[in-house]
2 protein chains.
Amino acid sequence: MSSSASDMTGPGDGEATPARLRNRPTRLLALVALHSDRLVTEGLAGLEARRWHYAALASLQEFGPASQTELSRRTRIHRSDLVAVINELAERGFVERAPDPADRRRNVITMTPQGRGHLHRLDDLLATIEDDVLAPLAPAERLQFTELLTRLLDHHGRSCFRDA
Amino acid sequence: MSSSASDMTGPGDGEATPARLRNRPTRLLALVALHSDRLVTEGLAGLEARRWHYAALASLQEFGPASQTELSRRTRIHRSDLVAVINELAERGFVERAPDPADRRRNVITMTPQGRGHLHRLDDLLATIEDDVLAPLAPAERLQFTELLTRLLDHHGRSCFRDA
DNA sequence: AACGAACGTTTGTCGCACGAACGAATCTAT
DNA sequence: ATAGATTCGTTCGTGCGACAAACGTTCGTT
């Protein structure tokens, strides 16, 4: 039912299959993201942080204090996993977890000044790492790249959650 | 030390921090790749396959029979994990694992005709999924996107392994 | 014959994403 | 006002992908 020729019995044919692996966008995406993630994870580990820590802190900085469920929506961190993240951040004094007086089911997560400092450090680090990841791209291409990524994320993201 | 303003004590400032989360390319990349991977994984699960199966089969198709270590280099699948992949593929008759007569430490992995058929099916499926992933992009933009990804992969890939 | 290296394999670890279930608190319908 | 459903935080367990360590076997080298 499909187009590509594949019924040639020759085991070593190299004409009809022009480098699938290198041309599958999904695979390219996965591999590049893997490298990026690895660099980010390693870099953050140097500051004893993880990617989720950054997401949580950045979201708090942008949108202010929030309950854990709301933070979960914003950062796309699963509620279950957010617990440990808040634990770790609170342990180091970067956020404060207090019961919401208006609704005692919720906790209100607030970023502390030290948290802001930490976020600032993480931001600087990530900027460096990004520069490394995008090294082979000219400035205009980097904009193009992030623009395309944003479009993809918006398209698929909006169908599941709102914003990011 | 750095440039971005962040020493304002206002908790809900929204000016000096323009949407970090949405603009961090590394994060965009991770999120988009996550969606893509999820779609691919789900799709492949429908054919009882995983991403590694495709990588292994595609590599065999492109470059012919190989030892497991060589396959590992080509597909970037870790030697440890490749064992199970070959087991699963061999169990279903898609590849054959035979000891290399020239070097009895190695196994020679060969794709069978049924393996070719299976790869062909996976190829068709992946094409559909890719079309879904890249849906919001015009054809020219898709080319741009994969071109940028390829450049990134080449730059970072060549420093670790050769080819892909 | 002996040593080091390569290969395949097993086992375990880590990070990330996710689902199930539970107690406590809240909301709603009656 | 009380019963039932819902929300929230939390704990526990699952699965996948990537990876490191270690072991027996086999091969080169000397």
Side-chain angles (χ1 to χ4, degrees), chain A residues 26-27 29-45 48-56 66-73 75-90 95 97-109 156-157 160-161, chain B residues 26-27 29-45 48-56 66-73 75-90 95 97-109 156-157 160-161:
Chain A
T26 56
R27 185 170 162 86
L29 194 53
L31 287 176
V32 173
L34 176 63
H35 276 279
S36 168
D37 279 5
R38 181 154 43 196
L39 290 179
V40 169
T41 300
E42 282 173 4
L44 289 179
E48 274 151 318
R50 285 180 298 144
R51 245 179 325 137
W52 284 348
H53 294 192
Y54 177 77
S67 75
Q68 296 186 193
T69 295
E70 199 188 328
L71 250 184
S72 167
R73 262 192 293 266
T75 59
R76 282 171 152 74
I77 300 175
H78 203 273
R79 299 192 324 218
S80 326
D81 306 316
L82 193 55
V83 178
V85 174
I86 302 298
N87 284 342
E88 292 160 15
L89 290 176
V95 302
R97 183 192 333 221
D100 186 342
D103 184 343
R104 293 216 306 280
R105 289 172 301 181
R106 305 178 205 239
N107 293 334
V108 179
I109 312 299
H156 291 92
C160 305
F161 297 91
Chain B
T26 56
R27 184 170 162 86
L29 195 52
L31 286 176
V32 173
L34 178 62
H35 275 279
S36 167
D37 279 4
R38 180 153 44 196
L39 290 178
V40 168
T41 300
E42 282 173 5
L44 289 179
E48 274 152 318
R50 285 183 297 145
R51 253 189 307 143
W52 286 347
H53 295 192
Y54 177 76
S67 74
Q68 296 188 193
T69 296
E70 198 188 330
L71 251 184
S72 168
R73 264 191 293 265
T75 59
R76 284 169 152 73
I77 301 175
H78 204 273
R79 301 193 322 224
S80 324
D81 306 315
L82 193 55
V83 178
V85 174
I86 302 298
N87 284 343
E88 292 160 14
L89 290 176
V95 302
R97 175 196 280 155
D100 186 342
D103 183 343
R104 293 216 306 278
R105 290 172 298 181
R106 305 180 206 239
N107 293 335
V108 178
I109 312 299
H156 292 91
C160 305
F161 296 92

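Nothing here was measured: the structure is a model prediction, and the numbers come from that model.
- When the side chain to side chain contact (heavy atoms under 4.5 Å, CB included) test is applied to B:Val108, the partners found at least two apart in sequence or on another chain are B:Pro65, B:Asp100, B:Thr110.
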Mark up nucleotides 24-30 of chain D, 5' to 3', with B wherever a protein heavy atom is under 4.0 angstrom from a base atom, S wherever such an atom reaches only the sugar-phosphate, and - elsewhere. --BS---
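- Every side chain to side chain contact (heavy atoms under 4.5 Å, CB included) that A:Ala55 has, sequence neighbours left out, goes to A:Thr75, A:Ile77, B:Leu21, B:Arg27.
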Pair A:Arg97, A:Gln68 - check side-chain contact (heavy atoms from CB on, under 4.5 Å), show working. CA-CA 9 Å; A:Arg97 183 192 333 221; A:Gln68 296 186 193; 3.1 Å; yes
Between B:Arg76 and A:Leu31, does a side-chain contact (heavy atoms from CB on, under 4.5 Å) hold up when you go through it step by step? CA-CA 9 Å; B:Arg76 284 169 152 73; A:Leu31 287 176; 3.6 Å; yes
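- Residues passing the side-chain hydrogen bond (donor to acceptor under 3.5 Å, both in side chains) test with A:Thr69, sequence neighbours excluded: none.
- Backbone-only contact: A:Ser67 has heavy atoms under 4.0 Å from sugar-phosphate atoms and none from a base.
- Remark: P of D:dC8 and CG of A:Leu82 are 13 Å apart, rounded to the nearest angstrom.
- Under the side-chain hydrogen bond (donor to acceptor under 3.5 Å, both in side chains) criterion, B:Arg105 pairs with B:Asp103, not counting sequence neighbours.
- The base of D:dG9 lies outside donor-acceptor range of the side chain of A:Ser80, with no N or O pair under 3.5 Å.
- Here C:dA17 presents its P atom at 15 Å from CG of B:Leu39, a figure rounded to the nearest Å.
- Considering only side-chain N and O atoms, A:Gln68 lies nowhere under 4.0 angstrom from the phosphate OP1 or OP2 of D:dT7.
- In terms of phosphate contacts, A:Asn107 brings a side-chain nitrogen or oxygen within less than 4.0 Å of OP1 or OP2 of D:dT10.
- Under the rule for a side chain to side chain contact (heavy atoms under 4.5 Å, CB included), the partners of A:Ala30 that lie at least two apart in sequence or sit in another chain are B:Asp37, B:Arg51.
- Straight-line distance from the CD atom of B:Glu70 to the P atom of C:dA6: 15 Å, rounded to whole Å.
- The CD atom of B:Glu42 sits 15 Å away from the P atom of C:dA17 (whole-angstrom rounding).
- If you take CG of A:Leu44 and P of C:dC14, they are 18 Å apart, rounded to a whole angstrom.
- Counting to the nearest Å, the P atom of D:dT10 and the CZ atom of A:Arg106 are 14 Å from each other.
- Atom C1' of nucleotide D:dG9 and atom CZ of A:Arg73 are separated by 14 Å, given to the nearest angstrom.
- Phosphate proximity of D:dT10 to A:Arg97: present, with a side-chain N or O under 4.0 Å from OP1 or OP2.
- Partners of A:Ser80 under the side-chain hydrogen bond (donor to acceptor under 3.5 Å, both in side chains) rule, at least two apart in sequence or in another chain, are A:His78.
- By the side chain to side chain contact (heavy atoms under 4.5 Å, CB included) test, A:Glu42 is found to be paired with A:Arg38, A:Leu39, residues two or more places apart in sequence or in another chain being considered.
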Using nucleotides 15-18 of chain D, report all nitrogen or oxygen pairs with the protein that are shorter than 3.5 Å.
unit_1	atom_1	unit_2	atom_2	d
D:dG17	OP2	B:Arg50	NH1	3.0
D:dA18	OP2	B:Trp52	NE1	2.7

